[in-house]
Structures are given as C-alpha cells and as structure tokens.
Novice: 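Quick one: structure below, then a few questions.
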Amino acid sequence: MCGIVGYLGYRQAAEVCMEGLLRLEYRGYDSFGIATVSPEITLFKETGKISAAKDSIHLNGTCGIGHTRWATHGVPSKTNAHPFTDCTGKLAVVHNGIIENYAQLKRELEERGHTFVSETDTEVIPHLIEEQYAGNLCEAVAKILPLLEGAYAILVITEDTQEIVAARKGSPLVLGIGDNEYIFASDGLPILDYTRRVIYLEDGDLADVTPAGYTIYHGAEVVERKTAVLEWDAADIRKGGFAHYMLKEMYEQPEVFSNTASSIAENPSLLCRLRDARSITIVACGTSANAATVFAYLMETVCGIPTRVVLASEFKYYPTPKNDVVIAVSQSGETADTIAALKIAKEKGAKTFCLTNVLGSSLTRTAETTFYTRAGPEVSVAATKSFTAQVAAFMEMVNIISGGKLTEDIAEIQRYLPEVLEYDVDAAVELVKDAATLLYVGRGLSYPIALEGALKMKEISYIHAEGYAAGELKHGPFALLSESTPVVAVCLSGITYPVMMSNLKEMKARCAPEIVLGNAGDLDAEEIADVFIPLPKVSEIAGSILASVVLQMLAYKTAVSLGTDVDMPRNLAKSVTVE
Ligand code: F6R
C-alpha cells in the first residue's frame with residue numbers, strides 16, 4: 001500500500017526519494033509523487049510506474065518528500081497523487097493511512113474558504129496545518145494532529161525552512177540516521193543504502209528533523225527513542241540475476257527454512273507457554289493464515305493442544321477463550337487486520353505473541369513476545385519464502401514441544417527443498433494456463449497446502465483458483481467439474497492416501513484433467529493423472545511442505561507464460577495497512 005520517503009541532508013532529495021520509492025514499489029501503487037524545497041516547494045506527480053517517468057523528474061533541493069499511492073479515496077490520477085499542498089503552496093504533505101473523519105474536516109475547511117483539488121482524505125492535512133502555521137512547522141503540525149481520526153504516517157515540509165516534520169499513529173514510519181543526513185521511510189528498505197542506524201517511531205510520536213539534528217516529541221514531552229540496527233543487507237533487495245523477485249525468493253527457501261528452524265529454540269519461554277496452553281488461537285491473513293493452518297494441524301495432531309485459526313479480519317466477531325494464547329502471524333508485521341485482532345486479544349486478557357519477518361514492525365509493539373522468521377526482505381507481492389519460513393518456525397515449535405517428533409520430517413524437507421525447486425512443471429503449466437477455473441485439493445496437512453497453491457495461482461496469474469479439502473468437493477464444487485476445469489491434487493502416501501485416490505477417480509469420472517503431486521513410484525496415482533509430478537518418497541508431512549514449493553513454481557511459470565506482472569500483480573499490495 002502507500003509508501004513514503006523523506007530526505008534531508010546534502011544529496012539531491014528527489015533522487016534519494018525516487019530511489020527510495022523504487023525500493024517501496026513492492027508494496028503496490030498506482031501513482032507517485034515527490035516534492036522538494038528548492039527554495040519554493042516544487043512538485044512532480046505521475047501515474048503508473050516510477051521507472052517510466054524517472055528521466056522526467058528534475059527537482060532540485062536537499063530536502064524533500066515522496067510517496068507511492070495505492071488508491072483508496074479517489075481514482076488513481078495525477079490529481080489524487082501525493083504530495084498535497086495548502087492554498088498558498090508553501091507546505092507539502094505525504095500521508096500513509098486513512099483519515100476517517102476527512103469528510104467532516106473538508107466541509108469545515110471549505111466553509112472557511114479553503115479550496116481542494118483532489119478526492120483524497122489526505123488533502124485536509126496541509127490545509128489544517130496552513131491554518132495553524134505561523135513560522136513554526138513543528139508546532140503547527142502538533143496542533144492539528146488531535147483533529148485527525150484514523151491512521152497516519154505523515155511527512156511535512158515547508159519552503160521556509162530546511163526541515164521535515166513527521167508524525168505517526170497506526171502506520172509505520174522509520175527514521176534513518178546517517179552522517180549529516182536523515183531518511184524517513186515506511187520501512188527500512190529505502191534507508192539501507194545510506195545508513196543502518198534507525199529509529200522506529202512509536203504511535204503518537206512527532207519528529208522534527210533539521211540540519212542541526214532531530215528531536216522526537218510524544219505529547220508535550222521530548223523523548224529518547226532507542227536506535228536499532230537494520231539487519232538486512234542492501235544486496236538482499238536486488239534481483240541478483242533472477243528474472244523476478246519471486247523466483248529469487250523461492251530459491252532462497254532452503255536457506256530460509258534452515259535459518260528459521262534453527263532460531264526457534266532461542267525463545268524457550270514462549271515454547272513453555274505454548275506447551276502449557278489450554279488452547280491456542282492464531283490470527284492471520286492470506287498466506288500467513290495458510291501457514292497458521294499448517295501449525296494448527298500439527299499442534300493438534302502431534303501435541304494434542306487445541307489450536308484454531310481465525311482470519312484476523314473476522315476475529316472481532318468471535319469470543320476469545322479465557323487465558324487463551326493468541327499468536328498473530330504476519331510477514332510484514334503491518335497488516336492492519338492482524339494488528340487490530342491482536343489488540344483485541346490483548347484487551348481481553350489473552351497472552352499475546354507474534355511471528356513476523358520484520359524487525360520493529362507495528363505488530364511487535366502490540367505483542368508481548370515476538371518470534372522472528374529469518375526470511376530476509378521479501379519484495380515480491382506474492383509471499384513465498386515467508387510462508388516457508390513461517391512453516392519452519394511452526395514445525396520447529398511443534399518439534400520442540402513434542403520432544404522431537406518432527407525431527408525426521410524437518411530433516412527431509414531440508415534435504416529435498418533444493419531438488420524440488422528444479423522440478424519441471426511445464427506440462428502442468430500447459431494444462432492450466434488457458435483454464436478459466438482451477439480447483440486445488442488436498443486432505444489433512446495437504447489441505448492448507450492446496451489453499452496456498454490456489455492463492456498463489458490466482459494472485460499472480462489472475463486465473464480463478466480455489467482450494468478445497470478434497471472431501472468437500474462433492475458438497476457443491478463438483479458441479480464445476482468438466483473437461484475444462486483442471487484439478488491440482490496433492491495425493492501423498494500416508495493416512496490421507498486411500499480416500500484421496502477415490503476422490504481422484506471420482507473427479508476423473510467427471511472428465512476433469514488432473515495434475516497430481518504424488519510420491520515417486522506411485523504407479524496408481526501416476527496412471528490416473530494427466531500430469532504427474534513425482535515428489536520424493538518422504539513422510540506425508542514433509543511431502544506436503546515440499547508440494548507447496550512445487551505449487552509456487554507452477555503459479556510462477558503460469559504467470560510468466562501469461563505475461564502478467566509477476567512481482568507486482570494488479571490491485572494488490574504487499575503491506576495491507578487498511579482494514
Ligand atoms: C499472498 C500474500 C497475502 C499476505 C497477506 C498477509 O501471497 O502475500 O495474502 O499473506 O496480505 O500479509 P502479512 O503476512 O504481511 O500479514
């Protein structure tokens with residue numbers, strides 16, 4: 001979703017902002033803009049991709065702000081792109097988040113003579129500041145913040161000073177502290193090229209940055225915030241010779257799985273708390289919810305601890321059992337639904353944990369205890385290595401709690417991950433790429449893998465794909481089956497095998513072409529399949545996780561063959577910061 005960058009120092013601010021916005025591109029956007037102080041406020045706004053407009057940006061000045069916009073209020077257009085100015089054009093503002101009471105504020109401002117050019121909620125902010133501004137930008141911003149309802153991370157500049165004033169409530173904002181230069185950004189990625197020293201601003205913080213230094217206020221108080229060190233490497237956010245970030249990130253999975261699994265034992269207190277839990281609830285969205293479902297299955301079947309997954313956006317409508325342990329799972333740590341759910345759980349007295357990939361992200365401020373996945377930055381909108389890292393974390397938790405019952409499965413996954421990444425899925429791509437609808441099916445642990453496979457396919461190839469528990473097909477989805485509705489089935493040796501085979505036969509009887517991910521040497525499954533993808537002969541648990549990587553590759557190669565924008569699929573955002 002929207003991304004913001006601000007720069008104050010000795011370099012050309014527009015260049016730093018543009019490079020920074022390119023680093024935030026992965027979040028998803030439809031238009032962008034930059035403003036610099038040079039010495040008056042100068043603006044550049046455009047729709048579409050930054051790379052296409054790069055050479056047309058000629059803004060001078062060493063103080064500036066930039067923004068990528070993912071439309072919420074008003075269509076994607078130059079007029080609705082940030083930054084926004086006040087009536088005088090002396091102030092410019094970029095904003096990430098949603099101002100919920102903007103309509104009322106806008107009406108009042110219009111009554112007082114302000115004119116608006118856009119349909120956005122953001123535009124009220126510069127007009128409100130204009131009314132308060134009498135030469136001290138920080139004071140003026142502080143005065144208007146109590147009027148804003150909703151979430152925001154904002155950056156404000158004025159032509160009167162070399163200064164950036166920033167405020168945060170509910171939307172992420174990081175301040176990078178370099179040598180005689182400062183960079184604000186929505187996350188650490190735009191900062192990495194300049195410095196690794198950062199401050200994660202807290203909700204309610206107001207930061208005033210000038211060439212003389214920075215001050216952070218919280219209410220009327222000046223506060224000291226701890227500096228943290230960005231762990232990621234600038235090299236991690238380059239494609240490194242791969243055609244897409246998604247492919248690069250998929251190939252990182254063997255390392256990511258091992259790194260994450262081996263780090264889990266570092267937090268024995270959480271593991272004790274989970275072992276003693278009467279019940280566990282996990283809140284998450286999308287791919288993270290699918291990884292959570294893997295955990296729930298393993299926790300219940302291996303450890304016997306009742307575990308449920310509630311979609312974070314639905315959590316507020318459910319009761320939270322007393323003394324429940326609630327774990328929020330989120331790659332970004334910024335998903336608004338997941339943060340809101342964890343806050344509710346905390347208010348209701350649950351013991352709260354989070355599993356995230358991003359150091360210092362908003363979720364880590366809400367949870368009492370944080371576990372990190374060691375996936376490194378994930379740039380592609382489609383989550384791949386973060387899913388595998390979450391699965392690794394969960395498997396290792398279950399392994400430790402159960403006294404080593406998953407040791408073999410974990411070793412098998414580690415052993416075969418590099419191999420399955422090389423599988424040839426071209427015949428399967430041929431079978432699915434022209435379909436209008438695909439059904440993904442599995443049972444037991446393969447059920448969340450089917451859900452995840454279908455999610456990956458639909459988000460990057462735009463082919464409608466649904467994941468089902470194989471037993472559910474007869475309760476409705478069977479009506480969809482025909483020779484033009486391919487089915488992708490995970491059918492592995494183990495407890496689910498006999499019934500899965502029956503299901504494959506039933507679907508075949510309805511003429512559905514079948515892609516079957518089975519165990520190498522399984523002649524029955526191979527015979528029934530139109531395309532058979534042989535997985536190594538491993539446990540059913542290990543095979544299901546390995547199957548998820550093959551399904552990622554199937555989605556990736558299908559999307560490439562259809563020519564979609566693999567890393568930045570239409571309408572999607574990497575970090576979903578609105579509920
Ligand atoms: C799918 C995908 C999304 C995210 C979801 C939650 O590939 O990326 O479904 O998994 O938006 O995001 P996080 O994990 O950051 O909370």
Side-chain angles (χ1 to χ4, degrees), residues 1 3 24 26-28 70 171-172 186-187 189 244-247 249-250 253 256 260 282-295 309-315 327-343 353-364 366-367 370-373 375-391 393-394 440 448-449 451-462 465-467 548-549 551-556 558-559 564-579:
M1 298 208 144
L24 296 178
Y26 76 97
R27 298 165 74 92
W70 188 84
S171 292
S186 301
D187 65 35
L189 298 187
H244 295 98
Y245 282 109
M246 181 174 173
L247 190 62
E249 289 161 5
M250 280 159 53
Q253 290 177 113
V256 157
T260 303
I282 315 182
V283 289
C285 306
T287 290
S288 293
N290 292 336
T293 309
V294 168
F295 178 61
V309 179
V310 180
L311 292 175
S313 54
E314 290 291 309
F315 183 73
I327 309 177
V329 187
S330 170
Q331 186 284 130
S332 62
E334 300 296 348
T335 301
D337 284 321
T338 310
I339 296 169
L342 200 67
K343 282 186 179 154
F353 296 95
C354 77
L355 178 68
T356 181
N357 195 38
V358 181
L359 192 78
S361 54
S362 302
L363 202 55
T364 65
T366 310
T370 298
F371 262 129
Y372 286 106
T373 42
E378 188 173 67
V379 175
S380 179
V381 164
T384 54
K385 63 174 178 170
S386 62
F387 172 79
T388 300
Q390 290 164 349
V391 167
F394 285 140
Y440 282 63
I449 301 306
L451 293 177
E452 177 57 12
L455 178 60
K456 230 59 331 157
M457 181 61 86
K458 76 181 117 193
E459 70 177 321
I460 62 168
S461 75
Y462 314 149
E466 289 305 330
S548 71
V549 174
L551 296 182
Q552 292 170 352
M553 195 59 88
L554 175 61
Y556 172 75
T558 305
T564 60
D565 190 347
V566 173
D567 283 331
M568 279 180 277
R570 69 184 181 205
N571 302 337
L572 296 183
K574 182 76 180 159
S575 216
V576 184
T577 51
V578 292
E579 282 185 47

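Start at 1 and go down the list; that is how both ligands and their atoms are numbered.
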Novice: Can you report which non-hydrogen protein atom sits closest to atom 2 (C) of ligand 1, along with the distance?
Specialist: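 Result: Thr287 OG1, 3.8 Å.
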Novice: For ligand 1, which atoms have a heavy atom of Ala382 less than 4.0 angstrom away?
Specialist: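 The atoms of ligand 1 under 4.0 Å from a heavy atom of Ala382 are 7 (O).
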Novice: Can you list the steps and then say if Thr384 with Gln552 is a side chain to side chain donor-acceptor pair (under 3.5 Å)?
Specialist: CA-CA 7 Å; Thr384 54; Gln552 292 170 352; 5.0 Å; no
Novice: Using a 4.0 Å heavy-atom threshold (strictly under), name the region of Thr335 that reaches ligand 1: side chain, backbone, both or neither.
Specialist: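 The answer is the side chain of Thr335.
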Novice: If you measure only the distance, is there a donor-acceptor pair under 3.5 Å linking the side chains of Glu249 and Ser380?
Specialist: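 There is no such pair (donor and acceptor under 3.5 Å, judged by atom type) between the side chains of Glu249 and Ser380.
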Novice: Of all heavy-atom pairs between Asn290 and Pro448, which one has the smallest distance, and what is that distance?
Specialist: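 Here Asn290 and Pro448 meet closest at O-CB, 3.7 Å.
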Novice: Consider ligand 1: state whether an atom of it lies below 4.0 angstrom from any non-hydrogen atom of Lys456.
Specialist: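 Yes, Lys456 has heavy atoms under 4.0 Å from ligand 1.
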Novice: Would you say Gly286 and ligand 1 have an N/O pair spaced under 3.5 Å apart?
Specialist: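 Not met; the criterion fails.
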Novice: Taking all non-hydrogen atoms of both residues into account, name the closest pair between Asn357 and Gly376 and its distance.
Specialist: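 Distance-wise, the nearest heavy atoms are ND2-O, 2.9 Å.
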Novice: Do Glu466 and Tyr440 come within less than 4.5 Å of each other through their side chains, counting heavy atoms only?
Specialist: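 Not in contact.
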Novice: Would you check the N or O atoms of Ser288, main chain and side chain alike, for any that come under 3.5 Å of an N or O of ligand 1?
Specialist: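 N/O-N/O distance below 3.5 Å exists for this pair.
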Novice: Which residue and atom name correspond to the protein heavy atom nearest atom 5 (C) of ligand 1, and how close is it?
Specialist: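 That would be Cys285 O, 3.8 Å.
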Novice: Looking at Ala375 and Ser386, what are the two nearest heavy atoms and their distance?
Specialist: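 Of all heavy-atom pairs spanning Ala375 and Ser386, the closest is CB-CA, 4.3 Å.
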Novice: Between Glu452 and Thr287, does any side-chain donor sit less than 3.5 Å from a side-chain acceptor?
Specialist: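 Yes - a donor-acceptor pair under 3.5 Å links their side chains.
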Novice: Consider only side-chain N and O atoms of Ser288 and Gln390, and report whether a donor and an acceptor are under 3.5 Å apart.
Specialist: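 Result is yes, a qualifying pair exists.
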Novice: Check ligand 1 against Ala383 and write out every atom of the ligand that is under 4.0 Å from a heavy-atom position of the residue.
Specialist: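 Answer for ligand 1: 7 (O), 8 (O).
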Novice: Could you tell me the residue and atom name of the protein heavy atom closest to atom 15 (O) of ligand 1, and the distance to it rounded to 0.1 Å?
Specialist: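 That would be Ser332 OG, 2.7 Å.
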Novice: Can you find an N/O atom of Glu459 closer than 3.5 Å to an N/O atom of ligand 1?
Specialist: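 Yes, Glu459 has an N/O under 3.5 Å of an N/O on ligand 1.
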Novice: Using a strict cut-off of 4.0 Å, indicate which atoms of ligand 1 neighbour a heavy atom of Ser330.
Specialist: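 So the atoms of ligand 1 that pass are 13 (P), 14 (O), 15 (O), 16 (O).
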Novice: Could you establish whether Val381 and ligand 1 come within less than 4.0 Å of each other, counting only heavy atoms on the residue side?
Specialist: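 Right, Val381 reaches ligand 1.
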Novice: So is Val576 polar-close to ligand 1, meaning N/O to N/O under 3.5 Å?
Specialist: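 No, there is no polar N/O contact under 3.5 Å.
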Novice: Using the ring of each side chain (for Trp, its six-membered ring), is Tyr556 parallel, tilted or perpendicular to His244, with breaks at 30° and 60°?
Specialist: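 It falls in the perpendicular class, over 60°.
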